[in-house]
There are 2 protein chains.
Amino acid sequence: MSPRVSKEHLKQRRADIMKAARNVFIEHGYEHTTMKHVMEAAGVSRGGLYQYFSNKEDLFEALLEEGLTDEAGATEDSLGKVESYWALLMQLLFGEDGSPDTEMDPLAPSKLEFFITGRNDERRRAYGEKRYEMGLRMYEELIKAGQRSGEFSDRYESNLIARSIITFVDGLALDHAMLPEEKVKLKEQSAMFVEYLKMALDVSSSR
Amino acid sequence: MSPRVSKEHLKQRRADIMKAARNVFIEHGYEHTTMKHVMEAAGVSRGGLYQYFSNKEDLFEALLEEGLTDEAGATEDSLGKVESYWALLMQLLFGEDGSPDTEMDPLAPSKLEFFITGRNDERRRAYGEKRYEMGLRMYEELIKAGQRSGEFSDRYESNLIARSIITFVDGLALDHAMLPEEKVKLKEQSAMFVEYLKMALDVSSSR
DNA sequence: TTGCAAAACGACACCAGTGTCGATATAATG
DNA sequence: CATTATATCGACACTGGTGTCGTTTTGCAA
């Protein structure tokens, strides 16, 4: 119900499709979802869907970008109301409450798929690298700042610590994509990794 | 050129196909290789190929099993000629020479694909869990033994350490699947992880 | 109301990949 | 050498997914 409609309505429709698509990707994974799945979930026709997204890749990338801006916003928010670099780091790792829990981005498995299966496609690869660099820089800057302030020890290179954080997070995401949470022991592993970070950064208390 | 042949020849043919398939999977990844690719690489017809493997999944699983038995054999070999649990652990992690290097199983990215994209298939999932458990048990037993012998501290639970090893290895494999080696800094990260293990197990020297 | 631009529709042509099956070729056996 | 079991072949039918495009519908403006 809406030909030649306001830009508002177009935005809304697009958002609706993306929301439905998100659920589909979560359910079926990237490779196994089809445009037909999305059509049905979003209650839109084939032609209608292609009006907004020219193919599955395009659609998924829209979701990726959306997630990115959301995240950036959340980080922005945290920046003010945090009392230490350590607290900020914990918040970056585990979200709002800043303590290890069992929640993970439900879209994460599909994201892994997207980048792994696309590793031979130049475009996709470049995009993946860009995202890796972004994450890396984020953690690295944070650690550097903490080191400069004296809160963190500079025994280890900030770059390397940042890298190991990403490796760990990716590893957890990967294992969690394939195994039930109880088997991965997400919470315990996260807690242990935090111990490791405390050691590497020479932070005593967790507050 | 070989109908009604010796069992030897059949084994050989099968092995040849698997070898060719391995290369194809390495080049294209699991999802993007087709039976046609394998046919061409192995120099065998469609019908011929299907005589040995009933589909792509079957073929890939044969490669997985092969890798598993190879690995078990290599581990077996090490067991005798190793002077400490620590050395054994390093050998398990980094292969023969037991020191961090930049080599990784070239089939690893395809393996990740196989299990991630198949995470909703019951059969595949169960298989993945089985493999995880196997790897977990292997590391756990080793660490337990080291702890019993007094070589390792039992400050941390062997199970948890084993898990974090797998998480780390998986994380590295994942990042390496998408990023060039220089970007992941495989070697440096491995070295740092070893430092961490030394800390967790309270091992002083690396020999 | 009426006209229209364009949003939404869904049938269609197309393609790539799969697994099968009858035909063919040939290594072993007597 | 003739026979035969069967390994190998490749054409084929089928399937599922894709992106397009002419048609229909509908919200808005005149």
Side-chain angles (χ1 to χ4, degrees), chain A residues 1-21 23-25 27-63 110 113-114 117-118 120-121 123-124, chain B residues 1-21 23-25 27-63 110 113-114 117-118 120-121 123-124:
Chain A
M1 329 124 173
S2 61
R4 194 183 191 188
V5 295
S6 63
K7 286 204 170 172
E8 285 316 306
H9 200 185
L10 289 186
K11 281 266 178 213
Q12 187 55 47
R13 195 93 159 101
R14 191 181 148 95
D16 289 346
I17 292 177
M18 282 174 67
K19 184 165 182 178
N23 291 329
V24 175
F25 282 125
E27 183 177 353
H28 296 288
Y30 179 75
E31 286 294 325
H32 292 159
T33 79
T34 70
M35 288 304 249
K36 202 177 174 195
H37 288 147
V38 177
M39 283 160 48
E40 281 157 11
V44 68
S45 71
R46 185 161 211 83
L49 175 55
Y50 275 87
Q51 186 114 21
Y52 290 90
F53 302 97
S54 56
N55 51 47
K56 188 169 71 167
E57 186 172 9
D58 184 33
L59 175 52
F60 194 77
E61 280 179 20
L63 286 173
S110 294
E113 264 186 74
F114 181 78
T117 62
N120 287 331
D121 176 72
R123 222 184 76 81
R124 202 115 122 209
Chain B
M1 324 129 175
S2 60
R4 192 180 193 190
V5 294
S6 63
K7 286 203 171 175
E8 284 317 306
H9 201 184
L10 290 185
K11 281 266 179 214
Q12 187 54 47
R13 196 93 158 96
R14 192 181 148 95
D16 288 346
I17 292 177
M18 281 174 67
K19 183 165 184 178
N23 291 329
V24 175
F25 281 126
E27 183 178 353
H28 296 288
Y30 179 74
E31 286 293 327
H32 293 159
T33 78
T34 70
M35 289 304 250
K36 202 177 174 194
H37 288 149
V38 178
M39 283 159 49
E40 282 157 10
V44 67
S45 71
R46 185 160 211 82
L49 176 55
Y50 275 86
Q51 186 111 21
Y52 291 91
F53 302 96
S54 57
N55 51 47
K56 189 170 71 166
E57 187 172 8
D58 184 35
L59 175 52
F60 193 77
E61 280 178 21
L63 286 173
S110 294
E113 263 185 75
F114 180 78
T117 62
N120 287 330
D121 176 73
R123 223 184 76 80
R124 202 116 122 210

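Chain letters run A, B, ... following the sequence lines, proteins first, then strands; residues in each count from 1. Reckoned from all heavy atoms, side chains included, excluding hydrogens, waters and symmetry mates. In this text the structure is predicted, and so the values were computed from the model without any measurement.
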Atom CG of A/Leu10 and atom C1' of C/dA5 are separated, to the nearest Å, by 13 Å
Expected output: side-chain B/Arg124 to main-chain B/Phe114 donor-acceptor under 3.5 Å: yes
From CE of B/Met39 across to C1' of C/dT18 the rounded distance in Å is 11 Å
Closest to the side chain of A/Arg13, out of D/dC9, C/dC9, C/dT18, is C/dC9
Reading nucleotides 19-24 of chain C from 5' to 3' and marking B where a protein heavy atom lies under 4.0 Å of the base, S where only the sugar-phosphate is that close, and - otherwise, the string is BB----
Rounded to whole Å, the CD1-P distance (B/Ile17 to D/dA7) equals 12 Å
In whole angstroms, the gap separating P of D/dG10 from CD of B/Glu40 amounts to 12 Å
*asked:* Under 4.0 Å, heavy atoms only, any strand: does A/Phe53 hit a base, just the sugar-phosphate, or nothing?
replied: nothing
- Message: Whether the A/Thr117 and A/Glu31 side chains hold a donor-acceptor pair (N or O, under 3.5 Å, no angle test) is what I'd like checked.
- Response: yes
Whole-Å distance, A/Asp58 CG to D/dT18 P, equals 14 Å
Distance-only side-chain donor-acceptor flag, A/Asp16 / A/Gln12, under 3.5 Å: yes
dist A/Leu49:CG -> A/Met35:CE (nearest 0.5 Å) comes out at 4.0 Å
Atom OH of A/Tyr30 and atom C1' of D/dG17 are separated, to the nearest Å, by 13 Å
OG1 (A/Thr33) and CD (A/Glu27) are apart, to the nearest 0.5 Å, by 10.0 Å
Worksheet entry | N or O in side chain of A/Gln51 less than 4.0 angstrom from C/dA8 OP1/OP2 | no
Of the candidates D/dG10, C/dC9, C/dA7, the side chain of A/Val44 sits closest to C/dC9
Review point. Using the ring of each side chain (for Trp, its six-membered ring), is B/Phe60 parallel, tilted or perpendicular to B/Phe25, with breaks at 30° and 60°?
Key: perpendicular
In whole angstroms, the gap separating P of C/dC15 from NZ of B/Lys36 amounts to 13 Å
Separation between NE2 (A/His28) and CD (A/Glu113), nearest 0.5 Å, reads 12.0 Å
Per atom distances to the B/Ser45 side chain, the nearest of D/dA7, C/dA8, D/dG10 is D/dG10
To the nearest angstrom, the CD-C1' distance between A/Glu31 and C/dA16 comes to 15 Å
Which of C/dG17, D/dA7, D/dG17 is nearest the side chain of B/Thr34? It is C/dG17
